[in-house]
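Okay, so here's the structure we're looking at.
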Number of protein chains: 2
Amino acid sequence: MAVAEPRTTTRRRTPRVDAIRNREAIVEAAAEVLAEQGAAVDVREIARRSGVGMGTLYRHFPKKEDLVHTVLRRDFMTWAESARQAAIDAEDPWAALTTFYQQALTGYARHRAIMENLALTLAEPDLEGIHQLRLVIEQLCARACATGLLRPGVTTDDLLLLLVSLGHAVQITDECRPRMWNRLLHISLDGLRADHREPLPCDSTVAGVSAP
Amino acid sequence: MAVAEPRTTTRRRTPRVDAIRNREAIVEAAAEVLAEQGAAVDVREIARRSGVGMGTLYRHFPKKEDLVHTVLRRDFMTWAESARQAAIDAEDPWAALTTFYQQALTGYARHRAIMENLALTLAEPDLEGIHQLRLVIEQLCARACATGLLRPGVTTDDLLLLLVSLGHAVQITDECRPRMWNRLLHISLDGLRADHREPLPCDSTVAGVSAP
DNA sequence: TCCCATGCGGAGCACTTGCTCCGCATAAGT
DNA sequence: ACTTATGCGGAGCAAGTGCTCCGCATGGGA
């Protein structure tokens, strides 16, 4: 069964080399453009930058969404990987947490398409890379919590929402007031420390608002 | 000179009543739609809701931008006014600050067009309403600072950026995790209190990673 | 070298959206 | 009632964008 027919129905198993090259060029160009301009970009711009025609682009990625997802999965994976590494290298749990935010906000908050989709970490982390990132933050949270440095009751979702929130602040201030967000980060991190009088409101951690 | 010509060139000083009615209907409908869907909405939708034709809409507001600005000015003014009132009513400066954030995030973070434009408070507060809102926050900041409750070095811009940042968090979590942002607000407000060891980084540098 | 399955390019279609144009309706002054 | 400046409606234009179609080029097996 697994024997390939010799001549009549020669199914090619591997794509042609130019097709592979083109596919990579498309992803590369798309990554650039998505980082710069977000997912609302014109598909023609991606085709232009990758030196490829529309037909080629749409054969490799039948929907714009397919291309966007491919790129986002790749970039989120890269991010998660580097974040995990940085977290491992860090001396103590608290340093790991602060370093993570610093790195994330310095390096990835400029990636517009990533920031646009980061909110999905909270709703539906279906994209593989997003899930990986979530796992890293979960670990950071657990470690900082275990050492008693993190304010009791702070959850992974809190840290994620803070990331999304600050990511937006970075995008807003990036051009007109560079690194102004750094002050906000300090403020938020201090609010995350354990030395506070009152506990956090457990408002609706689990969709809490009482049902009608 | 100021005498109006009697019949040949009767310049009407006041517009026709139906024109006034239409204009108001347009603004009303636009305010609704902009709050729900943001400024990227189709102009036809506004015309439809206000029961008016495209021609009418574009005579009153030659550019879509004109209509949007008119609505935003109105809504920002309303917001600033109610915020000012609430701040005056508050018992102490800190309560005024927390109440402001609560009210802003509960009531105005759902206004999509307002949130989209709130970032302008930091860059170019040319819209009159935005400037008014900035003044309110300036007062809140000054009062809380004077009583020593606010962390030294915190500026009006910090409070504004926090507002923008949290506003985004509200929009993100509004549907899937209602009021989850409340926890983030508590964290941030605690970070704003005066009882912290280290001072805030004075804007740029700090941030560890050395400049080239 | 020859052949053809596989892949390529980009004009063009379908739809959206900001804005205009112009024939028709009517408020309001006489 | 009559007139007309003022205002109205909505079809339609122009530009942008996702996606398709089809004639042509070519990698790679023989």
Measure from [atom1] on [X] to [atom2] on [N] and round the result to the nearest Å.
X	N	atom1	atom2	value
A:Leu57	D:dT17	CG	C1'	13 Å
A:Leu67	D:dG18	CG	P	11 Å
B:Arg48	D:dG10	CZ	C1'	12 Å
B:Ile46	D:dG10	CD1	C1'	17 Å
A:Phe61	D:dT20	CZ	P	15 Å
B:Gln37	C:dT16	CD	P	15 Å

Among [options], find the nucleotide with the atom closest to the side chain of [X].
X	options	result
B:Arg16	C:dC8, C:dA27, D:dG9	C:dA27
B:Met54	D:dG18, D:dG27, C:dT20	C:dT20
B:Thr56	C:dC8, D:dT17, D:dG9	D:dG9
B:Ala19	D:dT26, C:dG18, D:dC8	D:dC8
B:Asn22	C:dG7, C:dT17, D:dC8	D:dC8
B:Pro15	D:dG7, C:dG9, C:dC8	D:dG7
A:Arg44	D:dG7, D:dG28, D:dC19	D:dC19
A:Val17	D:dG27, C:dT26, C:dG9	D:dG27
A:Asp42	D:dC19, D:dG18, D:dA5	D:dG18

Provide the closest heavy-atom pair for [X] versus [Y] in the form atom of the first, atom of the second, distance.
X	Y	answer
B:Ala31	B:Val71	CA-CG1, 3.6 Å
A:Asp158	B:Leu184	O-CD1, 4.1 Å
B:Ala80	B:Gln132	CB-CB, 3.7 Å

Does the side chain to side chain contact (heavy atoms under 4.5 Å, CB included) test come out yes or no for A:Glu36 and A:Arg112, once each step is laid out?
-> CA-CA 6 Å; A:Glu36 287 170 18; A:Arg112 299 186 62 150; 6.0 Å; no
Side-chain donor-acceptor contact under 3.5 Å, A:Ser50 with A:Glu28 = no
Residue closer to the 5' end of DNA chain C, B:Arg59 versus B:Lys64 (nearest nucleotide) = B:Lys64
Closest nucleotide of DNA chain C for B:Glu65 versus for A:Asp18: which of these residues is on the 5' side?
->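 With B:Glu65 and A:Asp18 compared, the 5'-side residue is A:Asp18.
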Taking only side-chain nitrogens and oxygens of A:Tyr58, does any of them come within less than 4.0 Å of OP1 or OP2 of D:dC19?
-> yes
Report yes if at least one side-chain N or O of A:His60 is closer than 4.0 Å to OP1 or OP2 of C:dC8; otherwise report no.
->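 Indeed, a polar side-chain atom of A:His60 lies that close.
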Toward the 5' end of DNA chain D, which comes first, B:Gly51 or A:Ala39, by nearest nucleotide?
->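 With B:Gly51 and A:Ala39 compared, the 5'-side residue is B:Gly51.
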